[in-house]
**Student:** 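Dumping the structure here so I can ask a few things about it.
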Amino acid sequence: MSQLALVDGNNFFVSCQRAFEPKLNKVPVIVLSNNDGCVLARSNEAKALGIKMSQPHFQIRQTIKDHNIKVFSSNLELYCDMSERMMAILRRYAPRIEVYSIDEAFLDFSEVKTCDLIKIGHAIRKDIITCLGLPVCVGFAPTKTLAKIANLFAKKYLEYQGVYSYKRSTEVPAKLSLIDIEDVWGLGTASCKKLKSYGVNTAYDLATFPKQLVRKSLSVVGERTHQELNSIYCFPLEETREPKKSITVSRSLKTPAPSKERVKEALATHITRACEKLRKDDLIARGVTICISTTRHTKGKFFQASPSLLLHEETNLTPPFLKAVIQLIEQSFKEGYAYKKIGVTLTHICEARHKKRNLFGETNNESLALSLSIDSLNKRYGSKSLIYGASGLKAIRSEAPQNLSPRYTTRFEEILTVF
DNA sequence: TCTGGGGTCCTAGGACCC
DNA sequence: TCTGGGGTCCTAGGACCC
(Lines give C-alpha, C1' and ligand atoms only; values in the text may rest on other atoms or scores of the structure.)
Protein backbone atom coordinates (compact mmCIF):
# COMPACT_ATOMS: atom_id res chain seq x y z
CA MET A 1 0.00 0.00 0.00
CA SER A 2 1.37 3.36 -0.97
CA GLN A 3 1.90 5.96 1.70
CA LEU A 4 3.25 9.37 0.75
CA ALA A 5 3.88 12.67 2.42
CA LEU A 6 4.00 16.08 0.83
CA VAL A 7 6.22 18.57 2.65
CA ASP A 8 5.62 22.10 1.43
CA GLY A 9 7.25 25.36 2.53
CA ASN A 10 4.85 28.02 3.77
CA ASN A 11 5.10 31.13 1.56
CA PHE A 12 8.59 29.86 0.79
CA PHE A 13 10.31 32.91 -0.74
CA VAL A 14 8.92 35.16 2.00
CA SER A 15 10.06 32.68 4.66
CA CYS A 16 13.58 32.64 3.18
CA GLN A 17 13.74 36.43 3.62
CA ARG A 18 12.34 36.20 7.14
CA ALA A 19 14.85 33.56 8.17
CA PHE A 20 17.58 36.23 7.99
CA GLU A 21 15.53 39.22 9.09
CA PRO A 22 13.29 38.28 12.01
CA LYS A 23 11.83 41.76 12.17
CA LEU A 24 9.87 40.81 9.04
CA ASN A 25 7.80 38.35 11.07
CA LYS A 26 4.16 39.33 11.53
CA VAL A 27 4.42 42.20 9.03
CA PRO A 28 3.17 42.03 5.43
CA VAL A 29 5.93 40.94 3.04
CA ILE A 30 5.89 40.20 -0.69
CA VAL A 31 8.48 38.90 -3.15
CA LEU A 32 8.36 40.08 -6.76
CA SER A 33 9.21 38.31 -10.01
CA ASN A 34 12.10 39.00 -12.32
CA ASN A 35 12.09 42.68 -13.37
CA ASP A 36 9.96 43.36 -10.29
CA GLY A 37 6.98 42.82 -12.61
CA CYS A 38 4.47 40.95 -10.50
CA VAL A 39 3.90 39.22 -7.17
CA LEU A 40 5.41 35.75 -6.70
CA ALA A 41 5.04 35.17 -2.96
CA ARG A 42 3.02 36.76 -0.16
CA SER A 43 3.11 36.47 3.59
CA ASN A 44 -0.22 35.68 5.26
CA GLU A 45 -0.47 39.32 6.29
CA ALA A 46 -0.08 40.41 2.66
CA LYS A 47 -2.71 37.86 1.56
CA ALA A 48 -5.08 39.30 4.16
CA LEU A 49 -4.64 42.73 2.57
CA GLY A 50 -6.08 41.30 -0.65
CA ILE A 51 -2.85 41.03 -2.67
CA LYS A 52 -3.26 38.29 -5.24
CA MET A 53 -0.74 35.82 -6.61
CA SER A 54 0.79 37.09 -9.90
CA GLN A 55 -0.76 40.50 -9.44
CA PRO A 56 1.17 43.21 -11.32
CA HIS A 57 3.34 45.35 -9.08
CA PHE A 58 2.05 48.67 -10.46
CA GLN A 59 -1.52 47.81 -9.42
CA ILE A 60 -0.64 47.55 -5.75
CA ARG A 61 1.73 50.47 -5.28
CA GLN A 62 -0.82 52.34 -3.19
CA THR A 63 -1.58 49.32 -0.97
CA ILE A 64 2.15 48.83 -0.43
CA LYS A 65 2.48 52.43 0.68
CA ASP A 66 -0.67 52.50 2.82
CA HIS A 67 0.22 49.34 4.76
CA ASN A 68 3.98 49.64 4.71
CA ILE A 69 4.38 46.29 2.97
CA LYS A 70 7.99 45.09 2.75
CA VAL A 71 8.90 44.38 -0.85
CA PHE A 72 11.72 42.13 -2.09
CA SER A 73 13.03 41.34 -5.56
CA SER A 74 13.50 37.63 -6.28
CA ASN A 75 16.76 36.38 -4.79
CA LEU A 76 16.75 33.00 -6.49
CA GLU A 77 20.33 32.20 -5.55
CA LEU A 78 19.34 32.42 -1.88
CA TYR A 79 16.08 30.50 -2.33
CA CYS A 80 17.74 27.66 -4.28
CA ASP A 81 20.40 27.26 -1.63
CA MET A 82 17.82 27.21 1.17
CA SER A 83 15.84 24.69 -0.84
CA GLU A 84 18.83 22.36 -1.16
CA ARG A 85 19.40 22.54 2.58
CA MET A 86 15.74 21.72 3.23
CA MET A 87 15.81 18.72 0.88
CA ALA A 88 18.97 17.42 2.59
CA ILE A 89 17.07 17.35 5.88
CA LEU A 90 14.07 15.61 4.32
CA ARG A 91 16.28 12.82 2.95
CA ARG A 92 16.97 11.75 6.52
CA TYR A 93 13.33 10.90 7.06
CA ALA A 94 12.36 8.73 4.09
CA PRO A 95 14.25 6.21 1.96
CA ARG A 96 12.84 7.67 -1.25
CA ILE A 97 12.06 11.29 -1.98
CA GLU A 98 11.03 13.28 -5.02
CA VAL A 99 12.04 16.92 -5.07
CA TYR A 100 8.97 18.24 -6.82
CA SER A 101 9.68 21.97 -6.86
CA ILE A 102 11.87 24.53 -5.14
CA ASP A 103 9.74 24.40 -2.00
CA GLU A 104 8.09 20.99 -1.92
CA ALA A 105 8.95 17.31 -1.91
CA PHE A 106 7.08 14.03 -1.88
CA LEU A 107 8.40 11.47 0.62
CA ASP A 108 7.65 7.78 0.31
CA PHE A 109 6.75 6.07 3.58
CA SER A 110 5.23 2.94 2.00
CA GLU A 111 8.01 0.70 3.30
CA VAL A 112 8.44 2.46 6.62
CA LYS A 113 7.09 0.49 9.55
CA THR A 114 5.40 2.99 11.78
CA CYS A 115 1.90 3.71 12.87
CA ASP A 116 2.54 7.24 14.03
CA LEU A 117 2.91 9.35 10.93
CA ILE A 118 1.68 12.44 12.75
CA LYS A 119 4.66 12.19 15.07
CA ILE A 120 7.05 11.98 12.12
CA GLY A 121 5.37 14.99 10.55
CA HIS A 122 5.94 17.09 13.65
CA ALA A 123 9.56 15.96 13.87
CA ILE A 124 10.13 17.11 10.27
CA ARG A 125 8.56 20.47 10.99
CA LYS A 126 10.63 20.99 14.10
CA ASP A 127 13.86 19.96 12.38
CA ILE A 128 13.42 22.37 9.48
CA ILE A 129 12.37 25.34 11.57
CA THR A 130 15.27 24.75 14.00
CA CYS A 131 17.97 24.27 11.36
CA LEU A 132 16.81 26.73 8.72
CA GLY A 133 14.14 28.95 10.26
CA LEU A 134 11.68 27.85 7.59
CA PRO A 135 8.07 26.88 8.44
CA VAL A 136 6.66 23.91 6.50
CA CYS A 137 3.45 21.86 6.54
CA VAL A 138 3.19 18.10 6.08
CA GLY A 139 0.32 16.14 4.54
CA PHE A 140 0.17 12.32 4.49
CA ALA A 141 -1.98 10.33 2.06
CA PRO A 142 -1.93 7.27 -0.21
CA THR A 143 -1.61 9.29 -3.46
CA LYS A 144 0.08 12.50 -4.57
CA THR A 145 -3.21 14.25 -5.32
CA LEU A 146 -4.56 13.40 -1.85
CA ALA A 147 -1.24 14.34 -0.22
CA LYS A 148 -1.61 17.77 -1.80
CA ILE A 149 -5.06 18.02 -0.26
CA ALA A 150 -3.81 16.74 3.11
CA ASN A 151 -1.16 19.46 3.01
CA LEU A 152 -3.88 22.01 2.31
CA PHE A 153 -5.75 20.85 5.43
CA ALA A 154 -2.52 21.13 7.43
CA LYS A 155 -2.02 24.69 6.21
CA LYS A 156 -5.60 25.88 6.46
CA TYR A 157 -6.88 24.51 9.75
CA LEU A 158 -4.78 25.64 12.70
CA GLU A 159 -5.96 22.82 14.95
CA TYR A 160 -3.81 20.36 12.99
CA GLN A 161 -0.67 22.35 13.84
CA GLY A 162 0.82 21.91 10.40
CA VAL A 163 0.47 18.13 10.05
CA TYR A 164 -2.49 16.23 8.60
CA SER A 165 -2.84 12.56 7.76
CA TYR A 166 -5.48 11.38 5.33
CA LYS A 167 -6.99 8.06 6.38
CA ARG A 168 -7.41 5.47 3.66
CA SER A 169 -10.95 4.18 3.42
CA THR A 170 -13.16 2.46 0.90
CA GLU A 171 -15.60 5.35 0.92
CA VAL A 172 -14.81 8.84 -0.26
CA PRO A 173 -14.57 10.90 2.94
CA ALA A 174 -17.09 13.72 3.30
CA LYS A 175 -14.19 15.96 4.25
CA LEU A 176 -13.27 16.27 0.59
CA SER A 177 -16.31 18.50 0.17
CA LEU A 178 -14.35 21.20 2.01
CA ILE A 179 -11.95 21.40 -0.93
CA ASP A 180 -12.98 23.55 -3.90
CA ILE A 181 -12.43 21.99 -7.28
CA GLU A 182 -9.99 24.82 -8.13
CA ASP A 183 -7.74 23.65 -5.30
CA VAL A 184 -7.35 20.13 -6.70
CA TRP A 185 -3.85 19.56 -8.11
CA GLY A 186 -3.98 19.08 -11.88
CA LEU A 187 -7.19 20.94 -12.58
CA GLY A 188 -6.76 24.39 -14.11
CA THR A 189 -9.26 27.00 -15.18
CA ALA A 190 -10.34 25.18 -18.34
CA SER A 191 -11.08 21.89 -16.58
CA CYS A 192 -12.81 23.56 -13.64
CA LYS A 193 -15.10 25.48 -15.97
CA LYS A 194 -16.18 22.23 -17.64
CA LEU A 195 -16.66 20.41 -14.34
CA LYS A 196 -18.73 23.23 -12.86
CA SER A 197 -21.08 23.08 -15.81
CA TYR A 198 -21.81 19.49 -14.68
CA GLY A 199 -22.39 20.67 -11.12
CA VAL A 200 -19.03 19.38 -9.90
CA ASN A 201 -17.84 22.01 -7.42
CA THR A 202 -15.74 20.22 -4.82
CA ALA A 203 -13.13 17.47 -4.62
CA TYR A 204 -15.86 15.24 -3.17
CA ASP A 205 -18.14 15.89 -6.17
CA LEU A 206 -15.34 14.93 -8.54
CA ALA A 207 -14.31 11.81 -6.61
CA THR A 208 -17.89 10.51 -6.73
CA PHE A 209 -18.52 11.54 -10.36
CA PRO A 210 -18.75 8.67 -12.89
CA LYS A 211 -15.30 7.76 -14.17
CA GLN A 212 -16.38 7.45 -17.81
CA LEU A 213 -17.79 10.98 -17.84
CA VAL A 214 -14.56 12.36 -16.41
CA ARG A 215 -12.59 10.54 -19.10
CA LYS A 216 -14.87 11.91 -21.79
CA SER A 217 -14.62 15.55 -20.74
CA LEU A 218 -11.10 15.76 -19.29
CA SER A 219 -9.26 12.94 -21.15
CA VAL A 220 -6.72 10.63 -19.50
CA VAL A 221 -5.19 13.45 -17.50
CA GLY A 222 -8.42 14.22 -15.65
CA GLU A 223 -9.16 10.54 -15.30
CA ARG A 224 -5.92 9.99 -13.37
CA THR A 225 -6.78 12.80 -11.00
CA HIS A 226 -10.20 11.24 -10.47
CA GLN A 227 -8.58 7.89 -9.66
CA GLU A 228 -6.11 9.46 -7.27
CA LEU A 229 -8.94 11.15 -5.37
CA ASN A 230 -10.27 7.61 -4.89
CA SER A 231 -6.97 6.51 -3.33
CA ILE A 232 -5.81 4.74 -6.51
CA TYR A 233 -2.10 5.44 -7.00
CA CYS A 234 -1.53 6.80 -10.55
CA PHE A 235 1.30 9.34 -10.36
CA PRO A 236 4.41 7.45 -9.26
CA LEU A 237 7.17 8.96 -7.16
CA GLU A 238 9.96 10.11 -9.45
CA GLU A 239 13.22 10.01 -7.56
CA THR A 240 15.48 10.94 -10.43
CA ARG A 241 14.81 13.62 -12.97
CA GLU A 242 14.93 12.60 -16.60
CA PRO A 243 17.32 14.80 -18.58
CA LYS A 244 15.61 17.96 -19.75
CA LYS A 245 13.87 17.88 -23.11
CA SER A 246 14.07 21.60 -23.64
CA ILE A 247 15.90 24.55 -22.14
CA THR A 248 14.40 28.02 -22.32
CA VAL A 249 15.84 31.40 -21.43
CA SER A 250 13.51 34.33 -21.88
CA ARG A 251 12.99 37.75 -20.37
CA SER A 252 10.59 40.63 -20.63
CA LEU A 253 12.28 43.95 -21.31
CA LYS A 254 11.40 46.81 -19.02
CA THR A 255 11.08 49.09 -22.03
CA PRO A 256 10.06 47.29 -25.24
CA ALA A 257 12.65 47.37 -28.03
CA PRO A 258 11.69 48.50 -31.53
CA SER A 259 15.14 47.99 -33.08
CA LYS A 260 16.46 44.79 -34.57
CA GLU A 261 19.89 45.42 -33.08
CA ARG A 262 18.52 45.53 -29.52
CA VAL A 263 16.46 42.36 -30.06
CA LYS A 264 19.51 40.64 -31.52
CA GLU A 265 21.58 41.58 -28.48
CA ALA A 266 18.97 40.18 -26.11
CA LEU A 267 18.80 36.95 -28.12
CA ALA A 268 22.61 36.67 -28.02
CA THR A 269 22.60 37.09 -24.25
CA HIS A 270 19.86 34.47 -23.84
CA ILE A 271 21.41 31.86 -26.13
CA THR A 272 24.74 32.27 -24.31
CA ARG A 273 23.00 31.55 -21.03
CA ALA A 274 21.05 28.61 -22.53
CA CYS A 275 24.27 27.01 -23.79
CA GLU A 276 25.84 27.43 -20.34
CA LYS A 277 22.90 25.50 -18.90
CA LEU A 278 23.41 22.78 -21.51
CA ARG A 279 27.09 22.39 -20.61
CA LYS A 280 26.38 22.45 -16.91
CA ASP A 281 24.08 19.42 -17.26
CA ASP A 282 26.45 17.75 -19.73
CA LEU A 283 23.86 17.86 -22.50
CA ILE A 284 23.96 18.66 -26.20
CA ALA A 285 21.20 20.01 -28.44
CA ARG A 286 20.41 20.35 -32.10
CA GLY A 287 17.26 22.44 -32.32
CA VAL A 288 16.79 26.09 -31.49
CA THR A 289 13.66 28.25 -31.49
CA ILE A 290 13.55 31.97 -30.91
CA CYS A 291 10.45 33.74 -29.71
CA ILE A 292 9.84 37.46 -29.99
CA SER A 293 6.58 39.12 -29.11
CA THR A 294 5.02 42.48 -28.33
CA THR A 295 2.96 42.94 -25.19
CA ARG A 296 -0.50 41.41 -25.21
CA HIS A 297 -1.87 44.21 -23.11
CA THR A 298 -2.21 46.79 -25.89
CA LYS A 299 -5.07 45.99 -28.22
CA GLY A 300 -4.57 45.63 -31.95
CA LYS A 301 -0.79 45.83 -31.97
CA PHE A 302 0.10 42.26 -31.09
CA PHE A 303 2.76 40.45 -33.07
CA GLN A 304 4.61 37.25 -32.33
CA ALA A 305 7.09 35.09 -34.23
CA SER A 306 8.70 31.82 -33.19
CA PRO A 307 10.82 30.40 -36.01
CA SER A 308 13.13 27.45 -35.41
CA LEU A 309 15.90 25.50 -37.11
CA LEU A 310 18.02 22.40 -36.69
CA LEU A 311 21.81 22.47 -36.71
CA HIS A 312 23.70 19.87 -38.77
CA GLU A 313 24.77 18.09 -35.59
CA GLU A 314 24.25 18.24 -31.84
CA THR A 315 26.51 20.53 -29.87
CA ASN A 316 26.72 22.49 -26.63
CA LEU A 317 29.05 25.17 -27.96
CA THR A 318 27.77 28.72 -28.00
CA PRO A 319 29.02 29.96 -31.42
CA PRO A 320 26.93 27.69 -33.70
CA PHE A 321 23.77 28.51 -31.74
CA LEU A 322 24.66 32.20 -31.72
CA LYS A 323 24.95 32.08 -35.49
CA ALA A 324 21.64 30.22 -35.73
CA VAL A 325 19.63 32.71 -33.66
CA ILE A 326 21.06 35.61 -35.67
CA GLN A 327 20.02 33.85 -38.85
CA LEU A 328 16.51 33.31 -37.43
CA ILE A 329 16.05 36.92 -36.36
CA GLU A 330 17.30 38.22 -39.72
CA GLN A 331 14.60 36.13 -41.40
CA SER A 332 11.69 36.90 -39.10
CA PHE A 333 12.15 40.40 -37.68
CA LYS A 334 9.31 42.74 -38.57
CA GLU A 335 9.73 46.50 -38.34
CA GLY A 336 7.08 48.67 -36.73
CA TYR A 337 6.65 46.82 -33.45
CA ALA A 338 8.17 47.22 -30.00
CA TYR A 339 9.27 43.84 -28.69
CA LYS A 340 8.56 43.17 -25.05
CA LYS A 341 9.32 39.50 -24.60
CA ILE A 342 12.36 37.83 -26.12
CA GLY A 343 13.41 34.24 -25.60
CA VAL A 344 15.27 31.23 -26.94
CA THR A 345 14.57 27.52 -26.51
CA LEU A 346 16.96 24.67 -27.17
CA THR A 347 15.34 21.41 -28.30
CA HIS A 348 16.32 17.95 -29.58
CA ILE A 349 18.45 17.54 -26.49
CA CYS A 350 20.41 14.44 -25.49
CA GLU A 351 23.22 13.56 -23.15
CA ALA A 352 26.67 14.59 -24.37
CA ARG A 353 28.03 11.04 -24.03
CA HIS A 354 25.58 9.91 -26.72
CA LYS A 355 27.08 12.28 -29.30
CA LYS A 356 27.70 10.66 -32.62
CA ARG A 357 31.32 10.86 -33.70
CA ASN A 358 31.86 12.99 -36.79
CA LEU A 359 33.59 11.73 -39.92
CA PHE A 360 37.06 12.18 -38.49
CA GLY A 361 36.18 10.56 -35.22
CA GLU A 362 37.08 13.68 -33.30
CA THR A 363 34.91 15.88 -31.19
CA ASN A 364 35.80 19.54 -31.05
CA ASN A 365 37.65 19.47 -27.75
CA GLU A 366 39.39 22.81 -28.08
CA SER A 367 36.17 24.72 -28.61
CA LEU A 368 34.54 22.93 -25.72
CA ALA A 369 37.49 23.74 -23.49
CA LEU A 370 37.16 27.40 -24.44
CA SER A 371 33.45 27.45 -23.66
CA LEU A 372 33.98 25.72 -20.33
CA SER A 373 36.73 28.22 -19.43
CA ILE A 374 34.37 31.10 -20.14
CA ASP A 375 31.75 29.41 -17.94
CA SER A 376 34.13 29.03 -15.03
CA LEU A 377 35.42 32.60 -15.29
CA ASN A 378 31.86 33.88 -15.25
CA LYS A 379 31.01 31.69 -12.31
CA ARG A 380 34.00 33.01 -10.39
CA TYR A 381 33.93 36.69 -11.26
CA GLY A 382 30.23 37.28 -11.90
CA SER A 383 27.95 36.14 -14.68
CA LYS A 384 28.81 38.85 -17.22
CA SER A 385 32.57 39.08 -16.80
CA LEU A 386 33.20 37.62 -20.22
CA ILE A 387 30.52 37.92 -22.90
CA TYR A 388 30.21 37.49 -26.64
CA GLY A 389 30.36 40.74 -28.63
CA ALA A 390 26.93 40.04 -30.10
CA SER A 391 25.34 40.53 -26.69
CA GLY A 392 26.24 44.23 -26.81
CA LEU A 393 27.44 46.43 -23.99
CA LYS A 394 23.91 46.86 -22.63
CA ALA A 395 24.20 43.32 -21.28
CA ILE A 396 26.90 44.47 -18.89
CA ARG A 397 25.19 47.66 -17.89
CA SER A 398 21.72 46.18 -17.42
CA GLU A 399 20.02 47.56 -14.36
CA ALA A 400 19.99 45.62 -11.08
CA PRO A 401 16.65 44.87 -9.41
CA GLN A 402 15.49 47.45 -6.88
CA ASN A 403 14.84 45.47 -3.73
CA LEU A 404 17.34 42.64 -3.69
CA SER A 405 18.44 41.28 -0.31
CA PRO A 406 21.94 39.88 0.29
CA ARG A 407 22.63 36.29 -0.81
CA TYR A 408 23.37 35.36 2.80
CA THR A 409 24.26 31.70 2.32
CA THR A 410 26.19 31.59 -0.97
CA ARG A 411 28.44 34.70 -0.94
CA PHE A 412 30.99 35.40 1.76
CA GLU A 413 30.87 39.11 1.06
CA GLU A 414 27.12 39.12 1.67
CA ILE A 415 27.07 37.02 4.81
CA LEU A 416 24.74 38.05 7.65
CA THR A 417 26.26 40.58 10.05
CA VAL A 418 25.20 40.49 13.69
CA PHE A 419 25.69 43.64 15.70
C1' DT B 1 -9.41 3.29 -63.57
C1' DC B 2 -10.25 1.90 -58.96
C1' DT B 3 -8.23 4.98 -54.24
C1' DG B 4 -8.49 1.07 -48.23
C1' DG B 5 -6.70 0.96 -43.88
C1' DG B 6 -3.26 0.84 -40.55
C1' DG B 7 0.83 2.52 -38.78
C1' DT B 8 4.50 6.09 -37.50
C1' DC B 9 6.42 10.48 -36.97
C1' DC B 10 6.24 15.34 -36.45
C1' DT B 11 4.35 19.79 -35.05
C1' DA B 12 1.35 23.26 -33.12
C1' DG B 13 -1.42 24.48 -29.61
C1' DG B 14 -3.72 23.85 -25.27
C1' DA B 15 -3.55 22.91 -20.45
C1' DC B 16 -1.29 22.49 -16.42
C1' DC B 17 2.38 22.92 -12.73
C1' DC B 18 5.46 25.88 -9.47
C1' DT C 1 4.61 53.87 -17.87
C1' DC C 2 4.57 49.38 -15.33
C1' DT C 3 1.42 42.38 -16.31
C1' DG C 4 7.48 36.46 -14.63
C1' DG C 5 10.05 32.49 -16.17
C1' DG C 6 10.80 27.62 -16.99
C1' DG C 7 9.12 23.39 -17.58
C1' DT C 8 5.96 18.84 -18.95
C1' DC C 9 2.32 16.20 -21.03
C1' DC C 10 -1.57 15.37 -24.18
C1' DT C 11 -4.27 15.75 -28.42
C1' DA C 12 -5.39 16.63 -33.07
C1' DG C 13 -4.11 16.85 -37.56
C1' DG C 14 -1.01 16.48 -41.49
C1' DA C 15 2.48 13.94 -44.06
C1' DC C 16 4.13 9.86 -45.31
C1' DC C 17 4.71 4.79 -45.90
C1' DC C 18 3.27 0.16 -47.20
Side-chain angles (χ1 to χ4, degrees), chain A residues 6 8-13 30-42 51-62 64 71-76 79-80 83 98-106 144-145 148 151 181-195 215-225 234-235 238 241-256 266 270 273-274 277-278 281 286-287 289 291 293-299 302 304-310 338 340-349 399 401-402:
Chain A
L6 176 66
D8 189 327
N10 302 355
N11 315 328
F12 190 72
F13 293 177
I30 57 172
V31 176
L32 300 175
S33 63
N34 192 281
N35 270 349
D36 291 348
C38 65
V39 177
L40 271 192
R42 309 155 293 157
I51 293 176
K52 302 274 175 266
M53 186 65 174
S54 303
Q55 195 166 11
H57 184 197
F58 75 91
Q59 283 179 2
I60 53 168
R61 281 197 205 282
Q62 197 56 46
I64 290 172
V71 179
F72 288 92
S73 304
S74 275
N75 191 340
L76 277 175
Y79 310 151
C80 287
S83 170
E98 173 184 342
V99 176
Y100 178 67
S101 74
I102 192 164
D103 72 330
E104 54 189 313
F106 290 102
K144 284 184 173 177
T145 307
K148 278 268 184 187
N151 195 285
I181 200 79
E182 286 92 352
D183 291 331
V184 176
W185 184 53
L187 302 177
T189 44
S191 303
C192 289
K193 200 174 157 195
K194 271 188 200 164
L195 288 170
R215 167 79 193 222
K216 210 174 155 192
S217 54
L218 301 185
S219 85
V220 285
V221 189
E223 191 188 13
R224 281 183 210 137
T225 299
C234 297
F235 301 120
E238 289 166 23
R241 282 263 173 272
E242 293 289 309
K244 285 188 191 129
K245 291 170 185 162
S246 69
I247 289 177
T248 302
V249 176
S250 74
R251 292 287 180 278
S252 295
L253 296 175
K254 234 172 187 158
T255 35
H270 296 347
R273 178 79 192 101
K277 289 185 177 186
L278 261 187
D281 288 358
R286 225 187 122 202
T289 304
C291 184
S293 67
T294 62
T295 170
R296 288 178 186 274
H297 301 281
T298 325
K299 281 197 182 114
F302 180 67
Q304 180 182 29
S306 51
S308 58
L309 64 75
L310 285 178
K340 172 76 181 162
K341 191 162 179 174
I342 298 166
V344 302
T345 301
L346 296 172
T347 60
H348 299 73
I349 291 178
E399 66 278 43
Q402 298 273 306

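For clarity, every value in this text was computed on a predicted model and none was experimentally measured. Here is how names work: the chains are called A, B, and so on, in the same order as the sequence lines, proteins then strands, and each is numbered from 1.
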**Student:** So that I can tick it off, tell me whether A/E104 and A/K148 are bridged by a salt bridge, with the cut-off set at under 4.0 angstrom between side-chain N and carboxylate O.
**Tutor:** yes
**Student:** Under 4.0 angstrom, heavy atoms only, what part of the nucleic acid is A/I247 near: base, sugar-phosphate, or nothing?
**Tutor:** sugar-phosphate
**Student:** Take atom CG of A/N34 and atom C1' of C/dG4, then tell me their distance rounded to the nearest Å.
**Tutor:** 6 Å
**Student:** With heavy atoms under 4.0 Å as the rule, sort A/L187 into base, sugar-phosphate or nothing.
**Tutor:** sugar-phosphate
**Student:** Would you please name every residue forming a side-chain contact (heavy atoms from CB on, under 4.5 Å) with A/D103, sequence neighbours left out?
**Tutor:** A/D8, A/F12, A/S101
**Student:** With heavy atoms under 4.0 Å as the rule, sort A/T189 into base, sugar-phosphate or nothing.
**Tutor:** sugar-phosphate
**Student:** Counting Watson-Crick and G-U wobble pairs with both distances under 3.5 Å, what is the dot-bracket string for DNA chain B, 5' to 3', using [ ] for crossing pairs and | for pairs to another strand?
**Tutor:** ....||||||||||||||
**Student:** Have a look at A/E104 and say if it touches a base, only the backbone sugar-phosphate, or nothing, with a 4.0 Å heavy-atom cut-off.
**Tutor:** sugar-phosphate
**Student:** For A/T345, which residues count as a side-chain hydrogen bond (donor to acceptor under 3.5 Å, both in side chains) partner, sequence neighbours excluded?
**Tutor:** A/T248
**Student:** If you look at every strand shown and take non-hydrogen atoms under 4.0 Å, does A/D36 touch a base, only sugar-phosphate, or nothing?
**Tutor:** nothing
**Student:** Shortest non-hydrogen contact from A/F13 to A/A41?
**Tutor:** CB-CB, 3.8 Å
**Student:** Heavy atoms under 4.0 Å, any strand shown: does A/R241 hit a base, just sugar-phosphate, or nothing?
**Tutor:** nothing
**Student:** For A/K52, give me all partners under side-chain contact (heavy atoms from CB on, under 4.5 Å), at least two apart in sequence or on another chain.
**Tutor:** A/Q55
**Student:** Check this one for me: any side-chain N or O of A/K148 less than 4.0 Å away from OP1 or OP2 of B/dC18?
**Tutor:** yes
**Student:** Compare side-chain N and O positions of A/R224 against OP1 and OP2 of C/dC10 and report whether any pair is under 4.0 Å apart.
**Tutor:** yes
**Student:** Which nucleotide in the set C/dG5, C/dG4, C/dT8 lies at the smallest distance from any side-chain heavy atom of A/S250?
**Tutor:** C/dG5
**Student:** Could you check whether A/V184 gets within reach of a base, just the sugar-phosphate, or nothing at all, counting any heavy atom under 4.0 Å?
**Tutor:** sugar-phosphate
**Student:** Give one of base, sugar-phosphate or nothing for A/S191, where a contact means two heavy atoms less than 4.0 Å apart.
**Tutor:** sugar-phosphate
**Student:** Classify the nucleic acid contact of A/R61 as base, sugar-phosphate or nothing, counting any heavy atom under 4.0 Å across all strands shown.
**Tutor:** base
**Student:** Check ring pair (Phe, Tyr, Trp, His ring centres under 6.0 Å) between A/F72 and all other residues, then give those that pass, not counting sequence neighbours.
**Tutor:** none
**Student:** With sequence neighbours left out, write down each residue that passes side-chain hydrogen bond (donor to acceptor under 3.5 Å, both in side chains) with A/E242, or none if nothing qualifies.
**Tutor:** none
